[in-house]
S.K.: 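Quick one: the structure is below, and I'll ask about it shortly.
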Amino acid sequence: MLAIDKLYQQVAPKRDASWKAPEEAPLEINQFSLFEDQPHPIDESEYLPFQIEAESVPIGEEVEELPVEAQPAPPAEEEAEKTDAAPAEEPVPEETEAEEPRDLVEAVLGAEEDEEEEEKQEPEEELTPPEPKPERLPAEEPEEAPVVHLPAQELRMPERKAQTAKLSAADYDLDFIPETRRQPRVLLLILFTILAIPVTLAGIVLLLIPTVLALGLAVMVIILGSATLVAAFSGFPKLADLLIVIGTSVIVLALGLLLLWLFVWFVGGAIGGLIRAVTELGRKWCYEEVPV
Amino acid sequence: MSKGWRVIGTIVVILALLGAICIGVGFITGGDIGDIYSTLNVRYNLIGHWEQYSNWALTTLKNIAVGVRGLW
């Protein structure tokens with residue numbers, strides 16, 4: 001294992017120097033991108049064979065084949081056809097230089113081939129299941145996303161910026177929002193004030209009658225209920241009589257509570273509501289919105 | 001205000017039900033109105049107070065009637 005590490009460290013600088021950024025990889029039109037709106041739902045079954053291929057590669061070879069993985073859409077056969085058709089687009093020298101450390105490692109570790117074969121056989125058996133699990137696809141897609149789709153995002157961002165610029169210029173123009181202020185109609189306001197004040201006062205006086213009646217009744221009933229409740233504990237010989245008096249006092253107190261709340265409603269709801277309604281009516285009739 | 005009506009109504013209904021239950025249990029267990037009245041009359045002199053207030057109300061009404069006739 002120490003020998004493997006030494007060889008790997010010797011070869012690693014060469015591999016890093018020969019590695020090219022995935023920006024130079026050719027961009028396909030229908031390339032999948034996480035950062036763009038998807039007009040149609042993605043069929044996950046299309047990506048299953050590529051997922052199985054990616055899983056079948058040993059761990060040491062994943063880094064070497066990263067530029068090839070930058071094109072997840074075409075399968076292995078299409079890649080071979082593309083290399084024949086357009087060899088300039090494929091990073092060929094990367095693959096040739098990247099295969100050198102693999103040969104060196106295999107040459108040095110000839111005695112340990114049996115163990116490596118056993119290790120390789122185990123992941124192959126694991127990575128070629130009869131039915132691949134589609135549940136693992138969404139979990140592993142984000143790991144590949146930054147390597148594969150960053151060029152596409154960079155190429156398409158100016159278009160989106162242009163779209164947002166068009167929207168901000170056309171739809172969010174603040175000049176179209178009119179600024180208004182409220183201007184009183186003086187004559188109508190004077191007339192309304194002259195008429196509204198007596199009418200409102202008359203309504204308040206009319207509403208004060210039931211208000212005062214409710215308050216008086218509430219006070220009387222609460223006093224009567226309290227007196228009855230006190231009298232219940234003044235010395236009745238039988239518990240049955242005590243229960244009757246207590247029940248009566250509780251009902252009387254409930255009635256007093258209702259009358260007291262009626263008084264509060266007359267003050268806060270009826271009279272206050274009348275004043276608020278008259279004020280709102282005057283604001284609606286005697287003011288107008290004028291653009292500045 | 002609607003919430004206040006709901007709360008007050010709920011309290012009033014609960015108190016009324018409680019009082020009704022007490023009165024019903026009292027009558028079922030042998031309560032009597034005559035005994036209650038006699039007990040309260042002995043302790044608080046209900047008849048005397050009732051006569052006193054009724055006389056005051058009649059006197060007041062007579063005075064108001066005399067005043068109205070004088071104005072008329």
Side-chain angles (χ1 to χ4, degrees), chain A residues 204 207 210-211 213-277 280, chain B residues 1-68 71-72:
Chain A
I204 289 171
L207 284 172
T211 305
L213 278 176
L215 179 62
L217 281 174
V219 171
M220 286 177 62
V221 169
I222 287 173
I223 289 172
L224 183 64
S226 301
T228 312
L229 191 64
V230 171
F233 297 99
S234 61
F236 282 100
K238 291 191 295 186
L239 182 64
D241 298 339
L242 179 67
L243 280 173
I244 291 171
V245 174
I246 288 175
T248 307
S249 64
V250 167
I251 290 173
V252 170
L253 283 174
L255 187 62
L257 180 64
L258 187 63
L259 289 169
L260 193 63
W261 171 250
L262 199 63
F263 163 72
V264 172
W265 180 78
F266 270 119
V267 171
I271 296 174
L274 177 66
I275 294 170
R276 279 194 297 270
E280 188 66 29
Chain B
M1 279 294 174
S2 61
K3 189 177 180 182
W5 274 110
R6 200 176 303 145
V7 172
I8 295 295
T10 305
I11 293 170
V12 168
V13 167
I14 290 170
L15 287 176
L17 285 174
L18 196 63
I21 289 169
C22 287
I23 291 171
V25 171
F27 277 115
I28 288 170
T29 54
D32 189 11
I33 296 294
D35 294 340
I36 295 168
Y37 181 76
S38 61
T39 304
L40 291 176
N41 190 24
V42 168
R43 187 168 296 275
Y44 294 104
N45 191 17
L46 293 178
I47 296 174
H49 284 294
W50 175 251
E51 288 179 352
Q52 186 179 353
Y53 282 116
S54 61
N55 290 331
W56 172 80
L58 287 172
T59 307
T60 305
L61 286 174
K62 283 178 183 176
N63 292 333
I64 291 171
V66 169
V68 170
L71 290 174
W72 192 259

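Every heavy atom of this structure was used, including side-chain atoms; hydrogens, water molecules and symmetry mates were not.
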S.K.: Taking Ile36(B), Val12(B), Thr29(B), Thr39(B) one by one, which has the highest count of heavy-atom pairs under 4.5 Å against chain A?
M.R.: Ile36(B)
S.K.: Shorter than 4.5 Å, heavy atoms on both sides: which option in Ile244(A), Leu253(A), Val250(A) has the most such pairs with chain B?
M.R.: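 Counting heavy-atom pairs under 4.5 Å, the top option is Ile244(A).
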S.K.: Roughly how far, to the nearest 0.5 Å, is the CD1 atom of Ile8(B) from the CG atom of Leu259(A)?
M.R.: 11.5 Å
S.K.: If you compare all heavy atoms of Ala240(A) against all heavy atoms of Gly30(B), which two are closest, and at what distance to 0.1 Å?
M.R.: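 What the structure gives for the nearest pair is CB-C, 3.8 Å.
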S.K.: What are the two closest non-hydrogen atoms of Cys22(B) and Gly247(A), and how far apart are they?
M.R.: CB-CA, 3.6 Å
S.K.: If only atom types and distance count, is the side chain of Asp241(A) paired as donor or acceptor with the main-chain N or O of Asp32(B) below 3.5 Å?
M.R.: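 Flag set: sc Asp241(A) to bb Asp32(B) pair under 3.5 Å.
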S.K.: Just wondering, are more than 12 heavy atoms of other shown residues or ligands nearer than 6.0 Å to CH2 in Trp5(B)?
M.R.: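 Buried by this count: over 12 neighbours within 6.0 Å.
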S.K.: I want to check something: taking the side chain as every heavy atom from C-beta on, are Ile251(A) and Ile23(B) in contact at a cut-off of under 4.5 Å?
M.R.: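 Contact flag for Ile251(A)/Ile23(B) side chains = yes.
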S.K.: So which heavy atom on Ala254(A) is nearest to which on Leu15(B), and how close?
M.R.: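 Heavy-atom minimum between the residues: CB-CB, 3.6 Å.
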S.K.: Of all heavy-atom pairs between Ile11(B) and Leu257(A), which one has the smallest distance, and what is that distance?
M.R.: CG2-CD2, 3.6 Å
S.K.: Can you tell which of Gly4(B), Gly24(B), Gly9(B) has the highest number of heavy-atom pairs within less than 4.5 Å of chain A?
M.R.: Gly4(B)
S.K.: Do you know which of Gly268(A), Ala231(A), Gly269(A) has the most heavy-atom pairs with chain B at a distance under 4.5 angstrom?
M.R.: Ala231(A)
